[in-house]
**Q** 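Here it is, the structure, as structure tokens.
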Protein chains: 2
Amino acid sequence: MTMCQNCDYHQLLTHAGLEVTAHRLRVLEIVGGNTGPLNAQEIFATVCRATPINRVTVYRILDALVQHGLLERLSGGRAFYYGLAPNEHHQRHPHFFCRRCGRMDCLRPEAIALDLQPLARVFPGHIENVAVRVDGVCKLCMDAVSKRGRAQQAHNPN
Amino acid sequence: MTMCQNCDYHQLLTHAGLEVTAHRLRVLEIVGGNTGPLNAQEIFATVCRATPINRVTVYRILDALVQHGLLERLSGGRAFYYGLAPNEHHQRHPHFFCRRCGRMDCLRPEAIALDLQPLARVFPGHIENVAVRVDGVCKLCMDAVSKRGRAQQAHNPN
DNA sequence: AACGGTATGCAAATAAGTTGCATACGCCCG
DNA sequence: CGGGCGTATGCAACTTATTTGCATACCGTT
């Protein structure tokens with residue numbers, strides 16, 4: 001879960017040296033309150049339900065929050081997804097990306113244990129992040145597919 | 001390394017039930033002959049140096065090759081990268097993506113050991129792929145940056 | 001040689017993100 | 001309190017990466 005009851009978003013912003021604005025708080029709340037990372041489109045749509053906002057502003061806020069380490073940016077399909085960055089309250093964890101519905105979910109940190117030491121010792125460049133992403137089809141989509149399959153079979157039994 | 005001397009691309013295609021065309025062979029050779037995954041733009045440009053080809057054809061060939069399991073599709077930055085899919089000759093391995101130059105490199109399979117069993121046992125959906133991606137800045141870019149830094153310092157010493 | 005299916009090309013559409021510039025807002029200075 | 005400055009936001013246009021629709025070309029079979 002990306003969700004965080006322990007984070008004071010207002011404080012996170014000021015502590016990062018960012019001005020506290022209604023939009024930024026809203027974005028942080030939305031990302032932090034969701035069970036998994038969201039893409040810009042989803043965040044934009046969610047903010048919009050309450051307050052009008054420009055799409056570009058959302059991108060810029062997301063960039064700022066990533067730059068200052070409040071959010072992490074994950075790639076999924078051909079968009080970026082944003083979740084709370086790992087901090088004292090959240091361990092880094094792998095994600096599951098459903099290629100069918102495009103939803104991204106967080107996996108428990110123990111789901112995949114990985115040992116970074118061997119790489120960190122020999123890699124010549126600068127390592128900023130290590131992401132584990134599991135791709136596949138989520139349970140909901142699996143059920144939808146198999147239901148649809150049965151329906152089609154009943155209707156068109158080849 | 002994605003590179004593979006042991007693969008007979010012609011045979012890989014027929015074995016996958018795909019027609020063998022000059023373009024497809026070319027794409028396979030380019031991807032298989034490179035030291036790391038390439039994006040569609042790079043593959044397109046490389047094919048073009050020898051033979052004219054349409055950009056869309058490249059996308060379609062890449063899709064077909066991924067569909068049939070000859071290539072794997074990785075996300076890096078905001079494009080997809082393509083490398084030979086793991087098979088008898090290539091173990092699955094993690095990748096390094098340089099956020100500065102956009103190059104993707106293969107890491108040795110042992111670089112990051114990960115145990116999938118715990119996840120596979122409890123995950124309710126269908127797992128198709130597990131990708132480990134290390135993001136950061138590669139050695140070449142690090143050197144370039146530090147050189148530029150020194151040059152700027154010399155020129156503009158604040 | 002005709003036929004049917006797949007592959008390729010071309011143009012246009014879409015999706016996601018970025019840039020440039022103008023306006024608006026919050027905060028500090030005098 | 002008013003002006004000035006710096007950041008935040010909005011808007012329009014642009015770029016990049018990929019996809020779709022449709023027409024043509026090629027290939028193996030009959």
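Because the structure is a prediction, the values reported are computed rather than measured. Residue numbers begin at 1 in each chain, while the letters A, B, ... track the order of the sequences.
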**Q** Report the distance from atom CG of Asn54(B) to atom P of dA12(C), rounded to the nearest whole Å.
**A** 13 Å
**Q** NE2 of His23(A) versus P of dG26(C): gap in Å, rounded?
**A**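 The distance from NE2 of His23(A) to P of dG26(C) comes to 12 Å, rounded to the nearest Å.
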**Q** Using atom CG of Leu18(A) as one end and atom C1' of dT7(D) as the other, report the distance to the nearest whole Å.
**A** 11 Å
**Q** From CZ of Arg24(B) over to P of dA7(C), roughly how many Å is that when rounded to an integer?
**A**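 Roughly 4 Å, once rounded to whole Å.
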**Q** Let's go through Phe44(A) and Tyr59(A) carefully: what are the C-alpha distance in whole Å and the side-chain angles of both, what is the deciding distance for ring pair (Phe, Tyr, Trp, His ring centres under 6.0 Å) to 0.1 Å, and is it a yes or a no?
**A** CA-CA 9 Å; Phe44(A) 172 60; Tyr59(A) 282 117; 8.5 Å; no
**Q** How long is the line joining CZ of Phe44(B) and C1' of dT8(C), in whole Å?
**A** 13 Å
**Q** Taking for each residue the nucleotide of DNA chain C bearing the nearest heavy atom, is the 5' side occupied by Gln41(A) or by Val56(B)?
**A**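 The residue mapped nearer the 5' terminus is Val56(B).
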**Q** Quick check: any donor-acceptor pair below 3.5 Å linking the side-chain of Arg55(B) to the base of dG9(C)?
**A**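 Such a pair does not exist between side chain and base.
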**Q** Indicate whether OP1 or OP2 belonging to dG10(D) is found under 4.0 Å from a side-chain N or O atom of Thr57(A).
**A**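 Answer is yes, contact under 4.0 Å.
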**Q** So, are Glu72(A) and Arg92(A) salt-bridged, with charged N and O less than 4.0 Å apart?
**A** yes
**Q** Could you state the atom-to-atom distance from CD1 of Ile61(A) to C1' of dT18(C) in whole Å?
**A** 16 Å
**Q** May I have the distance from Tyr59(A) (atom OH) to dT16(D) (atom C1'), rounded to whole angstrom?
**A**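 Atom OH in Tyr59(A) sits about 12 Å away from atom C1' in dT16(D).
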**Q** Using the closest heavy atom to pick a nucleotide of DNA chain D for each, name whichever of Asp63(B) or Glu19(B) lands nearer the 5' end.
**A**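 Per heavy-atom nearest nucleotide, the more 5' residue is Asp63(B).
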**Q** Looking at dG17(C), does its base get a donor-acceptor pair with the side chain of Arg78(A) below 3.5 Å?
**A**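 Answer no: no donor N or O sits under 3.5 Å from an acceptor.
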**Q** Should the pair Arg73(A) and Phe80(A) be classed as cation-pi, given the thresholds of under 6.0 Å to the six-membered ring centre and 45° from the axis?
**A**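 Here Arg73(A) passes the 6.0 Å and 45° test against Phe80(A).
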**Q** Could you tell me how far apart Gln67(A) (CD) and dA8(D) (P) are, to the nearest whole angstrom?
**A** 13 Å
**Q** Please state whether the base of dG20(C) and the side chain of Arg60(A) form at least one donor-acceptor pair under 3.5 Å?
**A** yes
**Q** Return no unless some side-chain N or O of Thr21(B) is found under 4.0 Å from OP1 or OP2 of dC26(D).
**A** no
**Q** For the CG atom of Leu84(B) and the CG atom of Leu28(B), what is their distance to the nearest 0.5 Å?
**A**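 It comes to 7.0 Å.
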**Q** Could you check if a side-chain atom of Asn129(B) sits within less than 4.5 angstrom of a side-chain atom of Val134(A), using non-hydrogen atoms only?
**A** no
